[in-house]
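Quick caveat: nothing in here was measured; it's all calculated off a predicted structure. This chain uses plain numbering: 1 for the first residue, then up along the sequence.
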Amino acid sequence: MQGSGDVKYHLGTEGEFTAETGATTKVYLAANPSHLEAVNPVLEGIVRAKQDRLNLAGEDFTVLPVLMHGDAAFAGQGVVAETLNLSQLRGYRTGGTVHIVINNQVGFTTSPSSSRSSTYSTDVARMIQAPIFHVNGDDPEACVRVAELAYEFRKEFHKDVVVDMVCYRRRGHNEGDDPSMTQPLMYNLIEAKRSVRKLYTEALIGRGDITVDDAEAALRDYQQQLERVFVETKAALKSVESDTESGRKDAGGSGLEPPAAQAPFADRTTHSASDTAISTEVLHHIGDTFASPPEGFTVHPKLRQMLDKRAASTREGGVDWGTAELLAFGSLLIEGTPVRLAGQDSRRGTFVQRHAVLIDKENASEWTPLLYLGQGQAKFWVYDSLLSEFAAMGFEYGYSVERPDALVLWEAQFGDFFNGAQTIIDEFISASEQKWGQRSSVVLLLPHGYEGQGPDHSSARIERFLTMCAEGNMTVAYPSTPASYFHLLRRQAYARPRKPLIVFTPKSMLRLKAAASPAEEFTTGTFRPVLPDRPGATEGTVTRVLLAAGKAVYDLEAEREKRGDKATAILRLEQYYPLAGAELARALSDYPDAEVVVVQDEPQNMGAWPFLALNLPDSLAAHGEERRIRVVSRPPSASPAAGSTKQHQAEQADLVARAFDR
């Protein structure tokens with residue numbers, strides 16, 4: 001990665017702390033951006049991943065998360081409340097977090113009267129009935145006693161606890177800031193205060209615990225230690241070379257070791273990312289598992305037929321999206337790769353398509369077929385999340401950071417809703433490798449498609465992700481068949497180095513017969529970023545090639561068949577980034593006399609077109625393809641989609657017609 005990295009105090013690291021008694025404990029510092037509270041759910045995901053690896057089955061929680069907050073941020077940032085709300089949920093609990101609030105009554109220049117409506121900055125934690133200890137930061141012994149209390153409470157009850165350390169900030173936010181400019185009365189008091197060290201030293205001397213000579217000797221020793229460490233650190237930094245293998249440009253010069261899960265060896269896998277087909281036996285076995293409920297389990301009548309059809313499709317073909325996805329998960333589990341999926345409605349599926357977990361109609365007991373694939377299989381976790389995007393996505397990102405061996409997925413109810421977690425995407429998913437050398441293979445599943453459902457249930461904002469794509473930082477895909485999706489997920493599980501994957505998943509296509517895949521496409525082949533036209537779809541000279549993705553492909557194919565058009569070819573872009581220039585140029589070479597047209601459902605200023613218009617010509621030219629490319633789309637718009645079904649239908653008919661009209 002070529003980039004500027006990040007300031008060193010944002011970097012994560014891992015090490016071992018040795019107490020005066022000689023006892024040791026491992027310590028992990030999560031990489032954290034200036035959006036400080038954004039790291040809260042990320043750390044919780046990292047901790048849950050560590051605990052899942054230890055596999056103590058919820059009987060003990062030996063990894064302790066500690067989160068540091070500012071008072072203004074704890075009260076003001078919504079992700080704090082979202083993360084607190086994760087704390088006791090089955091899919092997210094980590095056995096309690098110790099929250100330490102450095103309460104200096106200043107949010108840069110904002111005073112408490114402007115930063116919250118509650119009495120205390122910590123009142124938000126009352127919503128989960130967490131104990132809150134308010135302690136005087138000028139009293140070190142009281143702070144220690146409260147810290148011990150907080151630790152013992154968490155250890156006993158496995159719940160969150162908050163320490164509100166009331167203190168002050170003597171200096172400004174940075175070198176150019178003088179806080180007395182905005183809080184003159186407070187800083188008149190602070191300037192008159194003596195330091196905590198002086199106050200505590202006087203207290204110790206006053207009660208006879210130490211002498212003046214002891215205090216002076218301790219101060220000299222402390223200053224000497226600081227000086228020695230400073231000199232040693234400067235010398236060490238000169239000799240440390242950048243760790244080019246980890247891709248962390250600045251981390252090498254920082255002297256910080258990356259966490260073990262981010263070390264180069266942690267990414268190793270014995271599986272191929274290109275050989276993603278599975279055997280016929282595995283295909284049938286997974287399908288049959290769904291048709292074999294436990295004895296005494298009453299399947300809902302509406303689901304019995306679906307389960308039988310799911311099993312039959314693995315032999316007869318017609319594999320739909322839900323089945324293809326579960327085949328990907330199941331085959332990974334059989335191969336020893338854990339899978340974690342969480343999101344709003346993820347167990348059933350927003351569109352009633354997945355049914356990874358079935359509920360007994362008579363007694364509400366649960367059956368998760370993918371847990372019963374055979375001995376030696378890996379663990380499968382699937383959870384319905386709280387109604388959160390910011391914290392829920394951040395949690396899965398953190399989990400993926402710590403578990404390079406697992407396929408970790410976060411699913412939006414509708415793709416449009418991811419924008420509530422835009423901070424996680426900006427700060428972590430798109431940039432973490434460049435900033436901190438921190439790799440993640442988290443998968444975002446974002447339902448996307450123009451079916452007349454209005455501006456908040458149509459677009460997963462393809463354009464936003466593509467504007468953040470550079471230097472191979474993530475993969476952005478829009479598969480058009482269940483088999484393509486299957487191979488994409490399996491490739492993601494084993495691709496190295498690890499990168500995030502953004503998948504625009506279907507809505508109406510979930511049950512579209514034309515979109516179903518033959519069984520043999522799962523036992524052969526691999527993921528292809530560009531798919532050719534259907535055999536026999538064109539005859540003679542092709543005068544136009546349409547490049548499309550997802551649902552638009554099937555709308556165009558239906559219109560072509562209706563018109564009897566044999567002079568228009570349709571190529572499928574299964575992956576937008578990294579751009580597959582070589583594959584697309586090769587596919588276009590079959591139609592040397594045709595014009596090239598990108599067709600998308602989205603408005604012209606949205607979707608993939610802005611990215612393709614900027615990048616595709618050069619990518620193709622590098623492989624000898626220099627034809628001009630134009631677009632057929634909806635007109636530029638401030639809103640992603642029309643709110644009227646009739647208007648949508650009129651727009652769609654016009655769009656499809658313009659794609660073929662000569």
Closest non-hydrogen atom pair, V196 against G137: CG2-O, 4.0 Å

CG on L219 to CG on D214, rounded to 0.5 Å: 12.5 Å

Test item: N40 side-chain N/O and V80 main-chain N/O as donor-acceptor pair under 3.5 Å: no

Cation over ring face, R340 and Y399, 6.0 Å, 45°: yes

Heavy atoms of other groups near H10 NE2, more than 12 under 6.0 Å: yes

Atom CZ of R207 with >12 non-hydrogen neighbours under 6.0 angstrom: yes

salt_bridge(K379, D52) N-O dist < 4.0 Å: no

Polar contact flag, side-chain donor to acceptor under 3.5 angstrom, S180-D178: yes

Verdict with supporting geometry, M186 and Y168, side chain to side chain contact (heavy atoms under 4.5 Å, CB included): CA-CA 9 Å; M186 180 190 297; Y168 56 89; 5.9 Å; no

Presence of salt bridge, K193 and D138, under 4.0 angstrom: yes

No-hydrogen, no-angle side-chain donor-acceptor test under 3.5 Å, S440 and S400: yes

Side-chain donor-acceptor contact under 3.5 Å, E44 with T97: yes

Y222, OH atom: more than 12 neighbouring heavy atoms under 6.0 Å: no

Test ring-ring contact (aromatic ring centres under 6.0 Å, His included) applied to F418 and F465, step by step: CA-CA 11 Å; F418 84 86; F465 291 96; 4.8 Å; yes

Separation of T122 OG1 from M165 CE (nearest 0.5 Å): 13.5 Å

Derivation and outcome, side chain to side chain donor-acceptor pair (under 3.5 Å), residues Y397 and Q438: CA-CA 11 Å; Y397 168 83; Q438 181 166 277; 2.7 Å; yes

Basic-acidic side-chain contact under 4.0 Å: E433, K499: yes

H457 ring center within less than 6.0 Å of F417 ring center: yes

Test ring-ring contact (aromatic ring centres under 6.0 Å, His included) applied to F395 and F390, step by step: CA-CA 9 Å; F395 191 97; F390 195 156; over 10 Å; no

Backbone N/O of F74 and side chain of H69: donor-acceptor pair under 3.5 Å: no

Salt-bridge contact E402-R48 (side-chain N to carboxylate O under 4.0 Å): no

Modelled atom types, side-chain donor and acceptor of D221 and Q225, under 3.5 Å: yes

Neighbour count >12 (heavy atoms, 6.0 Å) for atom OH, Y120: no

R126, CZ atom: more than 12 neighbouring heavy atoms under 6.0 Å: no

Cationic N near anionic O, under 4.0 Å, E16 to K26: no

Verdict with supporting geometry, Q413 and T350, side chain to side chain donor-acceptor pair (under 3.5 Å): CA-CA 6 Å; Q413 191 174 52; T350 295; 4.9 Å; no

Between W410 and Y383, ring centroids under 6.0 Å: no

